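In what follows, a single structure is set out as structure tokens and then discussed.
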Amino acid sequence: MAVFSKSIPHNCYEIGHTWQPSCGVSFLQITGGALEESLKIYAPLYLIAAILRKRKLDYYLHKLLPEILQSASFLTTNGALYMAFFCIFRRILGKFYSWSPGFGAALPASYVAILIERKSRRGLLTIYMANLYPHTFRAGHHRTCPYFSMTSSLCYDMATETLFRMGVARGIITTLRNGEELPDINRRCNSCVLLFCITAAMYMFFFRCKDGLKGFTFSALRFIVGKEEIPTHSYAPEAAYAKVEQKREKLEEKPRRVNIIALVRKLVDSICKHGPRHRCCKHYEDNCISYCIKGFIRMFSVGYLIQCCLRIPSAFRHLFTQPSRLFSLFYNKENFQLGAFLGSFVSIYKGTSCFLRWVRNLDDELHAIIAGFLAGLSMMFYKSTTISMYLASKLVETMYFKGIEAGKVPYFPHADTIIYSISTAICFQAAVMEVQTLRPSYWKFLLRLTKGKFAIMNRKVLDVFGTSASKHFQDFIPRLDPRYTTVAPELPIEFS
């Protein structure tokens, strides 16, 4: 409690807007910079989303611009109001406490800002937030949850990781032996694999249960593992066999082109032609061996193409200056890592499910728990705390919804707004008081949003709170005008 009561007498110019003595001018500068960056973020984001969703001309003429401006206003307000409350809190309290320049100023700013963004559009914000982290899945469409938006889940995930880093830095939390160093937490944390195994087991169990998952989550898993793993189908086995035969007849009638895909498919079919298939398996077109191999090839290709597409913008920026970097677009280690992760997840899950059907001679939803857990080991190819923690938080959210539907747990209105505000405030607290515990990608985002002004705060003064605020800013000393300071600057600067 002594840390929270400790205070410093410096004003907001000496700590926050060190580049400009006036609070009003600083607010306008932050607002202008944030608005410019917000438009750069949301304009292409909404345009691409509209093209992918095949919007009609009326949408581009009447709705596209208002939606871009609304989301840009949300992000601009978040940054601008933080600067405003930073100064307001200093004037009200008369001094700075350890919580006021970060958490205190960001909490009301985030709360007001999120109210500007409609719930139906918060999923689009999540797409951009997900792209901030190189180890997070990128998806084209997101569904807004009726109680919590995906934005809240990602902010909660980010805040949880920040709190974890703070705990490690203070010695409260100890990392696993042979684990990762704190700055590289996102890539070497072996515990994230275990967390992902448990999360995958529960997700696949709900996927196999009737009405276990709905909306985007169900559609995503159906795309990844295939509809054959859903226990209930709208067609009978006889009808399925008939469709397979019709499909084969049509393929035989058409002249086949000799290409790589056709040759690979022919090779796989010839290898697995005489393989077995259990009577409980619903993959009627393939035997169990072919079913697993094709699943691996399909999702490996998806993962590889996703990483390639994400690298296209950066590769083309250096097309003329460094043409050799274009080859790294296709021959990059992360491309194959993501492909191996997705491909092995699907093949292990399908292979284990088929094996359990052969052993137990029945198709049971409980098989999904074992198959999902073993499939989670595929994260060894693509270790990511971000993915594990995000999916775990979404799993808790899913179970909470089911508890609400069953009347077992209470419903809290406006929970998404509250979670977003608190989570963002935690991240801002870390950005001000201990940048070393913040996720590097989010720190770069804050620098971009504020045109680099977040890095020129006078953090040496904040070292008195014991968080090593100036750890990465040892060489920075602000040029303060003594006429507007309450405490003599460390190195007085003569102003002309």
Side-chain angles (χ1 to χ4, degrees), residues 4 74 77-78 81 99 103-104 106-127 129-130 136 139 141-164 166-167 172-173 195-221 365-366 368-369 372 385-430:
F4 290 102
F74 151 72
T77 301
N78 211 149
L81 286 187
W99 53 269
F103 188 90
L107 184 64
S110 302
Y111 184 83
V112 175
I114 197 64
L115 295 178
I116 297 176
E117 184 71 287
R118 291 186 300 170
K119 282 191 175 184
S120 59
R121 300 304 181 191
R122 290 177 192 172
L124 291 173
L125 171 63
T126 304
I127 298 174
M129 294 294 286
T136 304
H141 299 85
H142 291 278
R143 181 184 63 89
T144 301
C145 182
Y147 302 104
F148 296 97
S149 66
M150 294 183 70
T151 303
S152 302
S153 296
L154 271 176
C155 290
Y156 174 75
D157 162 50
M158 187 163 50
T160 303
E161 183 177 329
T162 302
L163 290 174
F164 176 81
M166 289 179 176
I172 301 173
I173 301 174
L195 177 61
F196 182 73
C197 289
I198 298 172
T199 304
M202 296 305 299
Y203 264 120
M204 300 316 299
F205 173 72
F206 286 129
F207 176 71
R208 288 293 307 273
C209 294
K210 186 177 181 181
D211 298 328
L213 293 176
K214 299 177 182 177
F216 173 77
T217 306
F218 178 81
S219 301
L221 288 177
E365 289 85 356
L366 295 176
I369 298 178
T385 304
T386 301
I387 294 176
S388 298
M389 295 184 68
Y390 172 67
L391 292 178
S393 65
K394 291 298 294 180
L395 177 63
V396 173
E397 179 183 314
T398 300
M399 297 176 70
Y400 175 67
F401 299 154
K402 291 185 175 296
I404 293 175
E405 294 174 357
K408 302 294 184 180
V409 295
Y411 162 63
F412 299 97
H414 310 296
D416 56 344
T417 304
I418 296 172
I419 289 177
Y420 173 84
S421 304
I422 295 176
S423 301
T424 305
I426 291 173
C427 294
F428 269 74
Q429 175 71 11

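All values reported here derive from a predicted model rather than from experimental measurement.
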Could you pull out the closest heavy-atom pair between Ala392 and Leu195, with the gap in Å? CB-CD1, 4.1 Å
Mind checking the CG-OG1 spacing from Leu391 to Thr217? Nearest 0.5 Å is all I need. 9.0 Å
Return the set of residues passing side-chain hydrogen bond (donor to acceptor under 3.5 Å, both in side chains) with Thr77 (not counting sequence neighbours), or none when no residue passes. none
How close do Gly104 and Pro108 get, heavy atom to heavy atom, and via which atoms? O-CD, 3.0 Å
Which residues satisfy the side-chain contact (heavy atoms from CB on, under 4.5 Å) test with Phe206, sequence neighbours excluded? Met202, Leu213, Leu395, Met399, Lys402
Report the distance from atom OG of Ser423 to atom CD1 of Ile418, rounding to the nearest 0.5 Å. 11.0 Å
Distance-minimising heavy-atom pair for Ala368 and Met204: CB-O, 3.3 Å
Of all heavy-atom pairs between Gly372 and Ala200, which one has the smallest distance, and what is that distance? O-CB, 3.4 Å
Apply side-chain contact (heavy atoms from CB on, under 4.5 Å) to Leu366 and list each qualifying residue two or more places apart in sequence or on a separate chain. Phe205, Asp364, Ile369
CG of Leu81 to OH of Tyr111: how many Å apart, nearest 0.5 Å? 13.5 Å
Just jot down the side-chain contact (heavy atoms from CB on, under 4.5 Å) partners of Val409, sequence neighbours excluded, or say none. Tyr400, Ile404
Could you give the distance from OG (Ser388) to CD1 (Ile198), rounded to the nearest 0.5 Å? 10.5 Å
By ring-ring contact (aromatic ring centres under 6.0 Å, His included), which residues pair with Tyr203, not counting sequence neighbours? none
Phe74 side, atom CZ; Ser110 side, atom OG - distance, nearest 0.5 Å: 8.0 Å
What's the spacing between Thr398 OG1 and Phe218 CZ if we round to 0.5 Å? 13.5 Å
Considering non-hydrogen atoms only, spot the tightest contact between Arg208 and Glu365 and give its length. O-CG, 3.6 Å
